[in-house]
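Order of the sequence lines fixes the chain letters, A, B, ..., with proteins taken first and strands second; residue numbering starts at 1 for each chain.
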Amino acid sequence: GAVVSQHPSWVICKSGTSVKIECRSLDFQATTMFWYRQFPKQSLMLMATSNEGSKATYEQGVEKDKFLINHASLTLSTLTVTSAHPEDSSFYICSAEGRLSYEQYFGPGTRLTVT
Amino acid sequence: AQTVTQSQPEMSVQEAETVTLSCTYDTSENNYYLFWYKQPPSRQMILVIRQEAYKQQNATENRFSVNFQKAAKSFSLKISDSQLGDTAMYFCAFMKHVNTDKLIFGTGTRLQVFP
């Protein structure tokens, strides 16, 4: 149990286009999901906290108009990178909060390359 | 604000030996959770072990155990009988003891287990 999937696992897009990444909790309902960004050989940096049915809470320094987060259901949150630039290239990881508040289950990540 | 520090960027250990990874943190909270996560080359985040701050007893999961020193704000991970599959990045993380709070990660320690 407690499986989180991400789609796609790898995406290449051209500069200026938008790309959507999906995060799904497969066998449980997640009121809260988190989106992280990880640069090579670095730690995970929280971008935003996504709550079902409400607006996401963004961390300081994260552009909310660039990184659009939608949490329309208890099993799906999406991250849309708008007008992507090469510096947006990174590894994006989502996690979903489980039944207990201290449980976070991580997706396998999405590698985004912007050319 | 909470901070998590991992002072060992890289460690290596021979198979079957024991290795200890260090982690210190800073917080004014009294109740919180501490975690060790493993990130193998696949980049899937895997929970290794969790410690509740209000519990004095150190957490243990098979070959993995922690040395939790609350007064010193120290939370080290001991891996016994190291296996080649333990080769990964290890992240120490902190979470406040409230409903739906974020994980704060350290910078990580890259562990290499060699034959």
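Counting non-hydrogen atoms of other residues, nucleotides and ligands closer than 6.0 Å to CD of A:Glu87 gives a total above 12. Residue-environment remark: NZ (B:Lys70) exceeds the threshold of 12 foreign heavy atoms within 6.0 Å.
Under the 4.5 Å side-chain heavy-atom criterion for ILVMFWY residues, a single connected hydrophobic cluster contains both A:Val11 and A:Phe67. At a threshold of 4.5 Å between side-chain heavy atoms, the hydrophobic network of Ile, Leu, Val, Met, Phe, Trp and Tyr places A:Trp10 and A:Tyr36 in two separate groups. Taking hydrophobic clusters as Ile, Leu, Val, Met, Phe, Trp and Tyr residues chained together by side-chain heavy-atom distances below 4.5 Å, B:Phe94 does not share a cluster with B:Leu103. Hydrophobic clustering (side-chain heavy atoms under 4.5 Å, transitive across Ile, Leu, Val, Met, Phe, Trp, Tyr) keeps A:Phe91 apart from A:Ile21. Clustering ILVMFWY residues whenever any of their side-chain heavy atoms sit less than 4.5 angstrom apart, transitively, puts B:Val48 in a cluster other than the one holding B:Phe91.
Between B:Met45 and A:Gln104, every side-chain heavy-atom pair lies at or beyond the 4.5 Å cut-off.
Proximity to chain A at a heavy-atom threshold of 4.5 Å picks out B:Phe105, B:Gly106, B:Thr107, B:Arg110 from residues 105-115 of chain B, in numerical order. Using non-hydrogen atoms only and a strict 4.5 Å limit, the part of residues 30-40 of chain B facing chain A consists of B:Tyr33, B:Phe35, B:Tyr37, B:Gln39. Using non-hydrogen atoms only and a strict 4.5 Å limit, the part of residues 41-48 of chain A facing chain B consists of A:Lys41, A:Gln42, A:Ser43, A:Leu44, A:Leu46.
In terms of heavy-atom pairs under 4.5 angstrom with chain B, the leader among A:Gly109, A:Ser95, A:Gly107 is A:Gly107. In terms of non-hydrogen atom pairs under 4.5 Å with chain A, the most contact-rich of B:Gln6, B:Glu52, B:Arg43 is B:Arg43.
Judged as a side-chain hydrogen bond (donor to acceptor under 3.5 Å, both in side chains), the pairs with a partner in residues 57-71 of chain A (not counting sequence neighbours) are, in order, A:Ser50-A:His71, A:Glu59-B:Lys102, A:Lys66-A:Asp88.
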Does the side-chain contact (heavy atoms from CB on, under 4.5 Å) test come out yes or no for B:Ile46 and A:Phe106, once each step is laid out?
CA-CA 8 Å; B:Ile46 301 166; A:Phe106 285 84; over 6 Å; no
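The shortest heavy-atom contact between B:Asp101 and A:Phe34 is O-CZ, 3.8 Å.
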